[in-house]
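Worksheet for the structure shown next.
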There are 2 protein chains.
Amino acid sequence: MKPINVGLLGIGTVGGGTFNVLKRNEEEITRRAGRPIRITTVADKNLEHARKVTGGAVKVTDDAFAVVADPEIDIVVELIGGYGVARELVLKAIENGKHVVTANKALLAVHGNEIFAAAQKKGVMVAFEAAVAGGIPIIKALREGLTANRIQWLAGIINGTTNFILSEMRDKGLPFADVLKEAQALGYAESDPTFDIEGVDAAHKATIMSAIAFGIPMQFDKAHVEGITKLESADITYAEQLGYRIKLLGIARRRDNGVELRVHPTLIPAKRLIANVEGAMNAVLVQGDAVGATLYYGKGAGAEPTASAVIADLVDITRLHTADPEHRVPHLAFQPDQVQDIAVLPIDEVITSYYLRMRVEDKPGVLADITRILADSDISIDAMIQKEPGEGEAQTDIIMLTHQTVEKNANAAIARIEALPVVCGKVTRLRLENLQ
Amino acid sequence: MKPINVGLLGIGTVGGGTFNVLKRNEEEITRRAGRPIRITTVADKNLEHARKVTGGAVKVTDDAFAVVADPEIDIVVELIGGYGVARELVLKAIENGKHVVTANKALLAVHGNEIFAAAQKKGVMVAFEAAVAGGIPIIKALREGLTANRIQWLAGIINGTTNFILSEMRDKGLPFADVLKEAQALGYAESDPTFDIEGVDAAHKATIMSAIAFGIPMQFDKAHVEGITKLESADITYAEQLGYRIKLLGIARRRDNGVELRVHPTLIPAKRLIANVEGAMNAVLVQGDAVGATLYYGKGAGAEPTASAVIADLVDITRLHTADPEHRVPHLAFQPDQVQDIAVLPIDEVITSYYLRMRVEDKPGVLADITRILADSDISIDAMIQKEPGEGEAQTDIIMLTHQTVEKNANAAIARIEALPVVCGKVTRLRLENLQ
C-alpha cells in the first residue's frame, strides 16, 4: 500500500525521538498500521542539527510553512511548542487539508477551541495523545476507553518536574530551592522552570483532559493554577505523620453547578496507589460512574515516551484517514455539536478538605477558640496534631485536617482564626483530597 | 441519525449491567457516539428474569439463534460464556454480517483464531475489551495506544478472585482453604472456583494479551498454567521479610527464540506499584521499548465495570462501522496477514529467578553443600534467610532468592539439592520477577 508521508516540524528532543522510534520499529509499526509511515520532510531552524539527526535520509528545510503547504505531505507533526508560530502552522496545515499530530499542550489549552473548529470544518484529524502525560495513552482512555461512563472526576500527577521535586523534598527533607537546583543539574527541570513549578504546564494538561472528560470547551483561562514554590518541608513532614503525601495534582471534577478545574499541591492518603507515584513519573486517576476508579501510569516526558504517543497518533490517523469524517472518533470525545458550555467554577466555589497549620501561643483556651470558629462555620475536624512547645518557647504548632467544605467558607473561617490574638501570623492552608 | 440496534445474548450479571448503564448514560453515550445505541432484543433462557431486568422495554426471547439471524440487529453482544453454544452463536452472527462484542475470554483464547479469521472474511468487527481486566481499557492500550512500541513483556494481575485470596492470606495470616471459604461467602469466588484458583481464567486473558502485544496467534494450549491452591502461608511471610509480595501473574514475554506465556504465583518487589494492587482489583504492567513501563489499574470484574468495556466496544463499532474494513483497527492489533507464527516456549525454556525454601538438618556443612550445587549450575544467590532451629528441633528452614536462570537448569539443581541426605523432603520453588 501507498506509504503515509509525514512532515515533521521541529526536531528537538521529541522530534528526534519520533524519528528514531519510527525508524527502529518500522517493521512492527507497518505490520500494525497496514502501510509504511515515513517522515519525508523535516523543518527545523537548525539545519545542521536536523541533517545530523536524520542522517541525510530525508528532506530538511528551515521553511516550516513550505512543509504545511507541500501537497505530498499527508500528516503534519507539530513539535515546535508555544502559542506563536505553532498556532499559525497548525491552522495552515488544517486549511491545506492535512491531518495534524501535536504534543503542544499550551497551544491546545489556549487555542484548542479555534483549532478543533477549523479541523472540524475541513474534515481533518488533530491528534494530541502526546500533549498529556507523555507515553501514557490517557487521551485514548478518556476519549474511547471510558465512553460508557459519566466521568465524575479525574486527578493527575501530570508534571514530572514537580513530582520529582516533591519526592526529593520528602525523601531527603530538603527545602524547595535546594531540590530545584538538583533537578536542574539532573536535567529534570529547565533553566527557566516557571511553567512547571508554578503549575501552568499541569493546568494546560488538566484543561485538555477536562474538555474530553466532560464534553466542554477548553477553558484554560478559568483554571485555578497554584504551583509548589511556596510549599514548606515542615508541611510535607506533618502530612506524612498524618498518613498523607503531598502531590501537585491537576483536578477536574463535575459538580451540579459547574466544573472544578484546578492545579495545586494536594494532600492525598499515602495508601492510595497514586500517592506512591514517585520521581518524574506521571499517573492519572479517573472516576467513572460505571467503571469506578481506573489509574494510568507511566513516563510523562522524555524523547521516546513522548514519541510513543506521537506515533500512536500517526498509526490511528493512518488507520482512520479513509473513514468519512462523521464516523471518526470526535476530536474532543463528544460530537462537535454536543459540546456543552458548562462553566468552570471560581475557586471560591470549589468543595474540598483542608490541611491547616497555625502557630499559636501556648496558653489555655487557644484550641477552644479555634475549634469554636470552625464549628461556627460548620467545618468538622478530621484529625489534629498539637506539638509540645520547644524548650523555652512560648509558641507551638497546631495542625488540623478538616472535612469537605466550600472554599470561601474555609477562607472566611481562616481569616477569623488569623484575627485571634493568640494566633501568630498566617495560617498555612493546603487542600486535601481523599480520591475515593 | 439512525440508531444502532443491539441484540444482547445473555442477561446475567454483565448483561444486566450493560442494559442498565446504556439506559442510565444514554444521553452521554449518544453525545459521544453520534447516534443512539439501543438494545432492541434480549435473548436469555430465563425469560422471566429477562423481562424483569428490561422492564418490558425491549423484545425478549429464549431463541438466541433468532437474534443473530435478525436483519434488524447491527451488533450482537455475546455474554453467555463458555465454548459451546457461544461459539456457534458468534460464528453465526459473523456469517450473517453482524459485528460482535464479547466478554468471553475462554472462547477467544481457545477459538479466537477461527473466530477472527471468519470475521476478517466477512469484514465485520469482533471487539473484546471486556474479555480482559473488566473495565480497564487494556486491549485498547495494547492495540492502539502503544502501537509505536516493540512490546517486550507484560505482566498482569488479571484475576480478582485469586488476588483477593492472596491479599487476605497475607493480611490475616490465614491458610488458603480458609480464605477461599471467606471469598465464596463474600461472593468474590464462585461455588466452583476451579477456573480462577487454578489459573485458567488468568491464562485465557494472558493468551489474548500475548496475541495483540506480539502479533501472534492465540496459543492457549501452549500456556503454562499454575494456580494458587498449593501456596503456603509460610512462603507469603518469608517473601514479605525479603521485601517481596506474592501475586498470581499472567506473564507474556518476548525472547529471541520464542515467546513465554505463563501464569503462576510470582514474587515481585513490594515497592513496585503493581505489588500494591490489593483485593479484587486488577492491573497490567506493559513494557514497551519506546514508552518504557506503563501500568493500567482498575476493577477487573463486576456488572458495571465489565459493562463499561462492553459499551466502549459498542461505541467504537458505532463510530467505525461505516469505515472500509481495511482501515479499521485490526482485530489482533496487527494486520491479519502480518500475524507471525512465533512459538510459545515450553516452561523448561523459560528464564526467571527463584525463591527456594528447604527444610534441612541443623548440621555443619549443609549450607556449603547446597550453595556448591547452585554454583555448579551457574545459579547466583541474591538473598538468603537461615532460621535458627526452634527449641528442641534438629531441623530448620533455609530460604534463598536466586538470580535469573533457565528453568530446566533450576529444576536440575533443585533435584540435586533434594537428593542431599541433609535436606528433608521437597524444595518449595516459586518464581520471582523483578519487573524492570
Side-chain angles (χ1 to χ4, degrees), chain A residues 17 21-22 24-25 28-34 129 134-137 140-141 144-150 215 273 276-277 283 288-299 302 304-305 307-312 314-316 319-324 326-330 333-335 338, chain B residues 17 21-22 24-25 28-34 129 134-137 140-141 144-150 215 273 276-277 283 288-299 302 304-305 307-312 314-316 319-324 326-330 333-335 338:
Chain A
V21 173
L22 259 182
R24 185 176 74 227
N25 290 347
E28 196 96 356
I29 293 166
T30 308
R31 284 176 62 209
R32 289 189 174 110
E129 186 61 78
I136 308 170
K140 188 168 277 287
E144 304 173 39
L146 303 177
T147 45
N149 293 269
R150 193 165 159 86
L273 218 51
N276 295 284
V277 171
D289 69 337
V291 76
T294 54
L295 179 96
Y296 308 83
Y297 164 89
K299 284 185 188 146
E304 296 213 350
S308 173
V310 169
I311 297 169
L314 289 173
V315 173
D316 266 3
R319 284 168 169 170
L320 277 176
H321 78 290
T322 63
D324 66 304
E326 295 84 67
H327 282 91
R328 292 180 193 140
V329 179
F334 293 76
Q335 300 295 325
Q338 291 297 322
Chain B
V21 174
L22 258 183
R24 186 175 72 227
N25 291 347
E28 195 99 355
I29 293 166
T30 307
R31 283 175 62 207
R32 289 188 174 108
E129 185 62 78
I136 308 169
K140 187 168 278 286
E144 303 172 42
L146 303 177
T147 45
N149 293 268
R150 195 168 158 85
L273 219 51
N276 295 284
V277 171
D289 69 338
V291 76
T294 54
L295 180 95
Y296 308 84
Y297 164 89
K299 285 185 187 144
E304 295 213 350
S308 173
V310 168
I311 297 169
L314 288 173
V315 174
D316 267 4
R319 283 168 171 170
L320 276 175
H321 78 290
T322 64
D324 66 304
E326 294 85 66
H327 282 91
R328 291 183 194 138
V329 179
F334 292 77
Q335 301 294 326
Q338 293 296 321

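All chains are named by letter (A, B, ...) in the order of the sequence lines, taking the proteins before the strands, and each is independently numbered beginning at 1.
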| Atom group of A:Asn276 that falls short of 4.5 Å from chain B, counting heavy atoms | both
| query | Can you tell me how far CZ of B:Arg328 sits from NE2 of B:His321, rounded to the nearest 0.5 angstrom? | reply | 8.5 Å
| Taking every non-hydrogen atom, the tightest pair across A:Thr147 and B:Arg32 | O-NH1, 2.9 Å
| task | Could you look at A:Leu22 and say if it's the side chain, the backbone, both or neither that has a heavy atom under 4.5 Å from chain B? | result | neither
| Picking from B:Ala33, B:Gly134, B:Gly17, B:Gly288, which has the most non-hydrogen pairs under 4.5 angstrom with chain A? | B:Ala33
| query | What part of B:Asn25 gets closer than 4.5 Å to chain A, counting heavy atoms only: side chain, backbone, both or neither? | reply | side chain
| task | Name the option with the most non-hydrogen atom pairs under 4.5 Å to chain A; the candidates are B:Ala307, B:Pro305, B:Gly298. | result | B:Pro305
| message | So which residue, B:Glu304, B:Gln335, B:Arg319, ends up with the most heavy-atom pairs under 4.5 Å with chain A? | response | B:Arg319
| request: Please flag which part of A:Glu129 lies under 4.5 Å from any non-hydrogen atom of chain B: side chain, backbone, both or neither. | output: neither
| remark: Note: vs chain A, highest number of non-hydrogen pairs under 4.5 angstrom among B:Ala290, B:Gly292, B:Pro137, B:Gly145 is B:Ala290
| field | Partner chain A: residue of B:Ile311, B:Thr30, B:Asn149, B:Ile29 with the largest heavy-atom pair count (under 4.5 Å) | value | B:Asn149
| request: Output the distance between atom NZ (B:Lys299) and atom CD1 (B:Ile136), rounded to the nearest 0.5 Å. | output: 11.0 Å
| said: Restricting to non-hydrogen atoms, name the atom on B:Ser308 and the atom on A:Val291 that form the minimum distance, rounded to 0.1 Å. | reply: OG-CB, 3.5 Å
| request: Just give me the residue among B:Leu314, B:Asp289, B:Thr294, B:Val310 that pairs up with chain A most often, heavy atom to heavy atom, under 4.5 Å. | output: B:Asp289
| field | Whether B:Arg31 side chain and A:Gly215 backbone form a donor-acceptor pair below 3.5 Å | value | yes
| field | Residues that A:Ala283 engages under side chain to side chain contact (heavy atoms under 4.5 Å, CB included), provided they are two or more places apart | value | A:Ile274, A:Val277, A:Leu295, A:Tyr297
| query | Can you find a heavy atom in the side chain of B:Glu144 that is under 4.5 Å from one in the side chain of A:Val315? | reply | no
